[in-house]
There are 2 protein chains.
Amino acid sequence: MKEITLKQIAETLGISVTTVSKALKGYSDVNEKTRQSVLDLASSLQYTPNSFAVNLRTKESKTIGLVIPEVVHHFFSNVIKGIIEEAEKNGYLVIILQSNESLELEKKQIELLINKRVDGIIISLSNDANNEIYLQQIIDREIPFVQFDKISKLIPSSKVIINDQKAAYQAVKHLIDKGCKKIAHIRGPINPQNAIDRFLGYKKALEDHNITFDSSLVYPCKHVTFEEGKEFAARILADHKDVDGIFVITDMVAVGVLAHFNEHQIKVPEQIKIIGFSNWFMSQVITPKLSTVDQPSFEMGEQAFKLLLEEMHARKEFLPFTPRTIELDTSIIERESTF
Amino acid sequence: MKEITLKQIAETLGISVTTVSKALKGYSDVNEKTRQSVLDLASSLQYTPNSFAVNLRTKESKTIGLVIPEVVHHFFSNVIKGIIEEAEKNGYLVIILQSNESLELEKKQIELLINKRVDGIIISLSNDANNEIYLQQIIDREIPFVQFDKISKLIPSSKVIINDQKAAYQAVKHLIDKGCKKIAHIRGPINPQNAIDRFLGYKKALEDHNITFDSSLVYPCKHVTFEEGKEFAARILADHKDVDGIFVITDMVAVGVLAHFNEHQIKVPEQIKIIGFSNWFMSQVITPKLSTVDQPSFEMGEQAFKLLLEEMHARKEFLPFTPRTIELDTSIIERESTF
DNA sequence: ATTATTATCGAAAACGTTTTCGAAATTACC
DNA sequence: GGTAATTTCGAAAACGTTTTCGATAATAAT
C-alpha cells in the first residue's frame, strides 16, 4: 500500500516520467492515445500528485496564513468564514493563528507563517500593536500581504477596512436624532486605529450638532469585555446622572451595559438610549434588542482574500503591484435600545 | 535578495552542505569550531530551512487539517481555539475547512486534506452525515484521525466526546427536581448521534421519575436555528397548554424559545422552565439568564489534538496504535430560566 | 612502528515533481 | 527522393533538504 508516483505509472506503461507528467498536465506534445492511457491508469490508481514535491518545485504551497486576535468572536469568525470560502474557491487553504491580543505572540505567529513559506498573509492587528516594524519584514520579503479591520496605516499593504469615523458619526447622529442631549462614549483601547477613529467620529458628530464635547464622558476600555461594559455602566450612572445616550465601541461591551441597566431597573431606551457597534448576533436576541452599526464581516473576509489573490498573481507573473485599499459600507440598524 | 540555502552557507564557509546541515541539527560528528561558525553565519543571514524541501524529505508537513460544520458558532470556535493552541505548542499548524453541514462538501474537504498530505485530520461530522464510508479511506490510508462531538461510532478512530445521554438525563432531572411535570423536548435532527443520545437521556429521565413518555412532546429541529426555536415555542404553546418545562437541544434554539416567550408574556421560569445545552456565551447575558449544560469545548479541542499527536507519534515510530476514546465531563449550570 | 580507535568530513542518493532542450520519428511539401 | 516541418518523446537538471556510508586524518594503544 505505497503512494502512487509518476514513476510507477511511467514504468507500468513503459514510458517516461516526463511524458506522464505532461499527459496529466495537458501538454500538447503528447499523443492522444498515450495521454488517454496515462489518464486512465492514473485515475484507476487514484493518483494524486505529492504536494510536497509540487511545492518544492513550483515554490508555492497554495496555502495562506491568517493571524487574528481571537477566534472566539462573532466578528472574526465571520471574517474567517469569508476568507476560507473565498480561498477555497481559488484553490487555496488557510492556516489560522491567534495573537490573543498579545504583541509577542503576534510577532511569533508571523514568523511561523514566513518560515512555513505560505503564499500570502492576511492579518488583523492586536490591540497592543504599537510598533509594527515586524510587519515590514513581510513587505521586505515580498510576501503578498493584506491587513483588515485593525490595521497599521504606516505599512504600505493592501487593506480592507470600514470607515470607522463615518460609521461612528452616523451612530452618534442617530442618538442625537432620537433626542439625546448628553451622550457618553465607551471607547476602545488607546492604540488601535479603529478605536481612535470611532472616537473622532463621536466627537465630530457632537460638534456638528452643537453639543460641546466633554472628555469626562469618554470611558476607555482595556479588555473590551462584557464585564467592562457592566463596570462602565455603573461608573457612568455615578458620574453623570443625566446621561441620556451611550455610544459603545462594540456590541459585546454594549450588552454588558445593558445587563447592568436591566439589573438596576434603568429603562432603556426611555431613560438612556444605547447603540453598539458590529451587529453581533447576540444583539438581536437580548432584551431590549440592541441598535448597532452593521459591519460586513463576511464580505470583509472575501475582499481581503481577493486582494491577496491579486497580489499573489502579480508576484507570480512578475507584474508590478500597487497596494489597494477597499472601504466597505456600514449601516445603522435601529432596534429597541434607541426607539 | 535571494533565499538563503544550505548550499550558500556551505560555499561561503568552504565546507560541504552535509556538514552545514549536520551542524544546524546538532549532529555529534561535527567539530565544535565549524559548528559554531555555521551557527553564527546562519543566524547572521537569518537562515530558515526551506519547509518545502524539508516536507518532501521527511514526508511530513507539521500541519494538520480540521473539518467542522461551521466556524461561526460559539462551541466550534472554542474547539478551534483549543486545537490551534495545543497544536502550536507541539509545533503544528492547523488548516481549517467547513462542511457547512453538507455531506458533499464534507467529502470534498476531506479529499482536499488528504491530497494536501496533512499529518493528521480532526473532524466533527455534519448533521447530514449518514453514510460515512468516505471516512474509512482516512483509516485505510493510515492517516492519524480523531473525531469529536458529532462522531460516527462505526469508524474505528480516536474520539473525544461527552456523554450526551447522561448530560441530557441530568438536564431533564434538573427540570423534574424543580417541579416540572410535563416536559417537552426540542430535539436535534434525526441523524446525528448526539441528538439521538440526548433524546434517549430525556426519555430515560422521564421514565426513571414516573413520567410517562409522550412522543407528541418531542419536536425535531431541522436547522437548529434561533428562528426554529421561536417556531417551536409557538407550536408547543398551541399543542400543549400545560407544558411546564422544555429541554432544548442547544442554547441557540433555546434562546429562540425564550425570545418568543418574552414577546408573548409567557413567564419564564414561573410558567415554563427552560434548560438549554452547550453553555453558549449568550445564555448568560439574555433575560432571563438561561440554565444550560456546560460542555467543555476548549478542552475538547485540546484533547482532540493530544489524541491526534499520540497517533502521529506512533505512526512515525512504526509503533502499534489502538484508538482511544476520551469522555469529558459536563455539568448543569443553573440560572434564572429554571429558578 | 604498526595497528586500532575516534573525530571529522563529504559524496551521493533520495524525496517526487516540473520543465527545458534536444533527439527521433513521422508527416508534409516540392 | 530529398528536404522541411511537425509530432512525439525522454534525458537530465533543478528545487533544498536529510541521511547513509565510506574516506580521511588525528589520536590512542600495543
Side-chain angles (χ1 to χ4, degrees), chain A residues 2-39 41-42 45-63 91 114-119 141 316-318, chain B residues 2-39 41-42 45-63 91 114-119 141 316-318:
Chain A
K2 288 178 201 164
E3 303 278 344
I4 313 295
T5 67
L6 291 184
K7 196 176 169 188
Q8 291 177 40
I9 296 181
E11 278 169 2
T12 55
L13 252 43
I15 57 179
S16 76
V17 171
T18 306
T19 305
V20 175
S21 173
K22 285 181 181 171
L24 290 169
K25 304 204 73 190
Y27 276 57
S28 60
D29 66 341
V30 37
N31 187 298
E32 176 56 26
K33 259 201 280 185
T34 54
R35 201 183 71 88
Q36 205 45 254
S37 66
V38 168
L39 259 49
L41 184 56
L45 292 177
Q46 296 195 59
Y47 167 81
T48 57
N50 182 312
S51 65
F52 298 157
V54 176
N55 291 348
L56 177 60
R57 178 61 222 230
T58 61
K59 294 179 182 302
E60 57 175 15
S61 59
K62 294 284 180 182
T63 306
I114 291 178
N115 291 347
K116 186 79 184 177
R117 282 172 162 74
V118 291
D119 297 344
R141 296 195 188 215
K316 203 173 165 182
E317 313 286 338
F318 299 102
Chain B
K2 287 178 201 165
E3 302 280 343
I4 312 297
T5 67
L6 292 184
K7 196 177 169 188
Q8 291 177 40
I9 296 181
E11 277 169 5
T12 54
L13 252 45
I15 57 179
S16 77
V17 170
T18 305
T19 306
V20 176
S21 173
K22 285 182 181 170
L24 290 170
K25 303 205 74 189
Y27 277 58
S28 60
D29 65 341
V30 39
N31 187 301
E32 175 58 24
K33 259 201 280 186
T34 53
R35 200 183 71 88
Q36 204 45 252
S37 67
V38 169
L39 258 48
L41 184 57
L45 291 177
Q46 298 194 58
Y47 167 80
T48 57
N50 182 312
S51 65
F52 298 157
V54 176
N55 290 348
L56 177 61
R57 179 59 222 226
T58 62
K59 295 179 183 301
E60 58 176 14
S61 58
K62 294 281 179 184
T63 306
I114 291 178
N115 292 346
K116 187 78 182 177
R117 282 172 162 75
V118 291
D119 297 345
R141 296 195 189 214
K316 203 172 165 184
E317 313 286 339
F318 298 102

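Remember, predicted model here, so these are calculated numbers, not experimental data. So you know, we letter chains A, B, ... as the sequences are listed, proteins then strands, and number each from 1.
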**Q** Are B:Glu3 and A:Arg117 ion-paired here, with the side-chain N under 4.0 Å from a carboxylate O?
**A** yes
**Q** Want to settle it: does B:Thr48 or A:Gly14 sit nearer the 5' end of DNA chain D, counting the closest nucleotide to each?
**A** A:Gly14
**Q** Is the phosphate of C:dT17, meaning OP1 or OP2, less than 4.0 Å from a side-chain N or O of A:Ser21?
**A** no
**Q** Whether the side chain of A:Thr18 and the base of D:dA11 hold a donor-acceptor pair under 3.5 Å is what I'd like checked.
**A** yes
**Q** CG of A:Leu6 versus C1' of C:dC15: gap in Å, rounded?
**A** 13 Å
**Q** Think A:Tyr47 has a side-chain N or O under 4.0 angstrom from the OP1 or OP2 of C:dT17?
**A** yes
**Q** In whole angstrom, what separates B:Gln36's CD from C:dT8's P?
**A** 14 Å
**Q** Under the criterion side-chain hydrogen bond (donor to acceptor under 3.5 Å, both in side chains), I'd like the reasoning laid out for A:Thr63 against A:Lys116: C-alpha separation, chi angles, the key distance, then a yes or no.
**A** CA-CA 10 Å; A:Thr63 306; A:Lys116 186 79 184 177; over 6 Å; no
**Q** Starting at atom CD of A:Gln8, determine the distance to atom C1' of C:dT17, rounded to an integer number of angstrom.
**A** 14 Å
**Q** Would you mind reading off the distance between A:Asn115 atom CG and D:dG16 atom P, rounded to a whole angstrom?
**A** 16 Å
**Q** Take B:Leu6 and B:Tyr47 through the test side-chain contact (heavy atoms from CB on, under 4.5 Å) and record every step on the way to the result.
**A** CA-CA 8 Å; B:Leu6 292 184; B:Tyr47 167 80; 3.4 Å; yes
**Q** Which residues within residues 51-60 of chain B lie with some heavy atom under 4.0 Å of an atom in DNA chain D?
**A** B:Ala53, B:Val54, B:Arg57
**Q** Rounded to whole angstrom units, what separation is found between the NZ atom of A:Lys25 and the P atom of D:dG10?
**A** 19 Å
**Q** Measure CZ/A:Arg117 against P/D:dC15 and give the value in whole Å, please.
**A** 13 Å
**Q** With sugar-phosphate meaning primed atoms plus P, OP1 and OP2, does A:Asp29 contact a base, only sugar-phosphate, or nothing at under 4.0 Å between heavy atoms?
**A** base
**Q** For D:dC9, take OP1 and OP2 only and decide whether either is under 4.0 Å from a side-chain N or O of A:Thr19.
**A** no
**Q** Could you check how far NZ of B:Lys22 sits from P of D:dG16, rounded to whole Å?
**A** 21 Å
**Q** For a quick check under 3.5 Å, do A:Lys62 and A:Ser51 share a side-chain donor-acceptor pair by atom type?
**A** no
**Q** Taking distance alone, no hydrogens or angles, what donor-acceptor pairs closer than 3.5 Å link side-chain atoms of residues 20-28 of chain B to residues at least two apart or in another chain?
**A**
from: B:Lys22; atom 1: NZ; to: B:Asp29; atom 2: OD2; distance (Å): 3.1

**Q** How many whole angstroms separate atom CG of B:Asn31 from atom C1' of D:dA26?
**A** 12 Å
**Q** Do the side chain of B:Thr18 and the main chain of B:Ser16 share a donor and acceptor less than 3.5 angstrom apart?
**A** no
**Q** Take atom CD of B:Glu32 as the centre, draw a 6.0 Å sphere, and report whether it contains more than 12 heavy atoms from other residues, nucleotides or ligands.
**A** yes
**Q** Are any of B:Thr34's side-chain N or O atoms less than 4.0 Å away from OP1 or OP2 of C:dC9?
**A** yes
**Q** Have a look at B:Thr5 and say if it touches a base, only the backbone sugar-phosphate, or nothing, with a 4.0 Å heavy-atom cut-off.
**A** sugar-phosphate
